[in-house]
2 protein chains.
Amino acid sequence: MTEPPVGRRERKKAATRQSIADAALQLFLERGYDQVSIRDIADAADVSTTTVFKHFTGKEALVFDQEQDRESQLNAAVRQRAAGQSLLDALRQHVLDSWLPITAHPRIAEFTNLVDSTPALRAYAERMWTRHTDSLGAAIADEFGVDHDDLACVTLARFVLEIPALARGRQDRRAAVDAIFDILTQGWQPPAKPSAPPSS
Amino acid sequence: MTEPPVGRRERKKAATRQSIADAALQLFLERGYDQVSIRDIADAADVSTTTVFKHFTGKEALVFDQEQDRESQLNAAVRQRAAGQSLLDALRQHVLDSWLPITAHPRIAEFTNLVDSTPALRAYAERMWTRHTDSLGAAIADEFGVDHDDLACVTLARFVLEIPALARGRQDRRAAVDAIFDILTQGWQPPAKPSAPPSS
DNA sequence: GTAGAAAAGTGCAACGAGTCAACTTAGCCC
DNA sequence: GGGCTAAGTTGACTCGTTGCACTTTTCTAC
């Protein structure tokens, strides 16, 4: 069938893009992000440096290859949620289902380490999420028939998209995600003092 | 005299720093951020480019000159709040008192316009706030005698520090700040449909 | 006061990211 | 097979940023 890769041209294009991304990731993991130049990557992938920038918007984008359609996934989670499920529950479930498994993958450990130890990549990763604030906010607003820039909807979108950054690095990410959603649903409550620690 | 805090040297240093910042801001407002190079600024201030980087960490920092001690102000708002005032009320009041007047200042209009129309500056401004997440989170945690990285406290700090970005550009910033704090205190509520608009 | 350390500033060269324009190459379609 | 188009190359260029060697100014100690 003609569906997976169409045309010889687009296949070669995808191939070079992939070889660039592969070379970049390998070099980054070997030497560290700052110790690898675009020329190094271009040489390793046997392309010119300008070709690298034809496929990727910048150096950081090389690390987060398939940034895929997080946006459409988020919007779908809002719009196509199960009947009767509240909006916040749908978002909570989506975060638990689609973000937690990715970060829990064992092979991603060194990748996560690379990102966390490189300030430029940490900043880029955070904006990767918050960039979708407007889109998610609009999707939420549509659910309630209000303007796309409705303050409450945009605020919720922004706060939800901050959750990955907040839960990152926690020992129990699942519990962290739940706790943050509890804040969003019930309002913020002062934490319990550890003077009377829980039994278990 | 041996006692005055400022020596002759430090005064001249502050003077050159100021002349660099002035030249930079003027050129940025005249031509736009991307149309001004560091070399232009250095020439206008009659210093060398290396001197510019001795005073400022990067090009973006030239725009946000005195980034002052937002951090200590935030912590003070938390720690030295009026007796009996709740934490969230103290934060709400601090945001209303110290952030709103700044952005409402009429002369800042063109400055705000410059920042908003330059992606690099928008990103930098956002991180300027969220950079203090850990510090504010620790201050909040201290108020309740829990660990400095307590999830609820860090989450609240992060959300509060997002408020300027969320309220920016709203027609009624004060109402926006209040509305967001209401979300934080009472939890998120679906917005009212505009089919039955409120009277006033 | 004067010597000399230390800081502030200069000039220059360099590196890496990213862009641009002109050119070659290869797949596509008729 | 020939023209169109997109992918890739090449090389030069801009710009942010850093490093190094050097000069000037201020502070400090004698």
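Reminder, nothing fancy here: chain letters follow the sequence lines and each chain counts from 1.
Dashed line: the shortest gap from a side-chain N or O of A:Ser48 to OP1 or OP2 of D:dT9 is under 4.0 Å. Between B:His55 and C:dA8, a side-chain N or O to OP1/OP2 separation shorter than 4.0 Å is absent.
Counting to the nearest Å, the P atom of C:dC29 and the CZ atom of A:Arg8 are 12 Å from each other. Across the protein-nucleic acid pair, A:Lys13 atom NZ and D:dG8 atom C1' stand 11 Å apart, rounded to whole Å. Remark: C1' of C:dA8 and CZ of B:Arg11 are 15 Å apart, rounded to the nearest angstrom. Look at CD1 on B:Ile20: it is 13 Å from P on C:dA8, rounded to the nearest Å. What separates CZ of B:Arg17 from P of C:dA7 is a distance of 18 Å, to the nearest Å. In this structure, A:Gln35 atom CD and D:dT18 atom P are separated by 14 Å, rounded to whole Å. When the P atom of D:dT14 is taken as reference, atom CG of B:Asp40 falls 13 Å away, rounded to whole Å.
Applying the salt bridge (Lys or Arg N to Asp or Glu O under 4.0 Å) test to residues at least two apart or on different chains, the pairs with a partner in residues 149-158 of chain A are A:Arg158-A:Glu162, A:Arg158-B:Glu126, A:Arg158-B:Glu162. Identified under the salt bridge (Lys or Arg N to Asp or Glu O under 4.0 Å) test for residues 19-30 of chain B, with sequence neighbours left out: none. For residues 169-188 of chain A, the ring-ring contact (aromatic ring centres under 6.0 Å, His included) pairs, not counting sequence neighbours, are A:Trp188-B:Phe144. Residue pairs meeting the ring-ring contact (aromatic ring centres under 6.0 Å, His included) criterion with at least one member in residues 19-49 of chain B, sequence neighbours excluded, are B:Phe28-B:Tyr33. Within the structure, salt bridge (Lys or Arg N to Asp or Glu O under 4.0 Å) contacts touching residues 166-180 of chain B (residues at least two apart or in different chains) are B:Arg92-B:Asp178, B:Asp116-B:Arg168.
Near DNA chain C, meaning a heavy atom under 4.0 Å away, there are no residues from residues 118-125 of chain A.
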Are there any protein N/O atoms within less than 3.5 Å of an N/O atom in nucleotides 22-24 of chain C, and if so, which ones and at what distance?
none

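With sequence neighbours excluded, the residues forming a ring pair (Phe, Tyr, Trp, His ring centres under 6.0 Å) with A:Phe64 are A:Tyr124, listed by chain and number. Evaluation of the salt bridge (charged side-chain N to carboxylate O under 4.0 Å, His left out) rule for B:Asp34 yields no partner, not counting sequence neighbours. Considering only residues two or more places apart in sequence or on other chains, A:Asp46 meets the salt bridge (charged side-chain N to carboxylate O under 4.0 Å, His left out) condition with none of them. Taking the salt bridge (charged side-chain N to carboxylate O under 4.0 Å, His left out) definition, one finds that B:Glu143 meets it with B:Arg81, sequence neighbours left out.
B:Asp40 places a side-chain N or O within 3.5 Å of a backbone atom of B:Ser37 that can act as its donor or acceptor partner.
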Under a 4.0 Å heavy-atom criterion, the protein footprint on nucleotides 13-18 of chain C, written with B, S and -, is -B--BB
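For A:Thr130 and A:Thr133, the side-chain atoms include no donor-acceptor pair closer than 3.5 Å.
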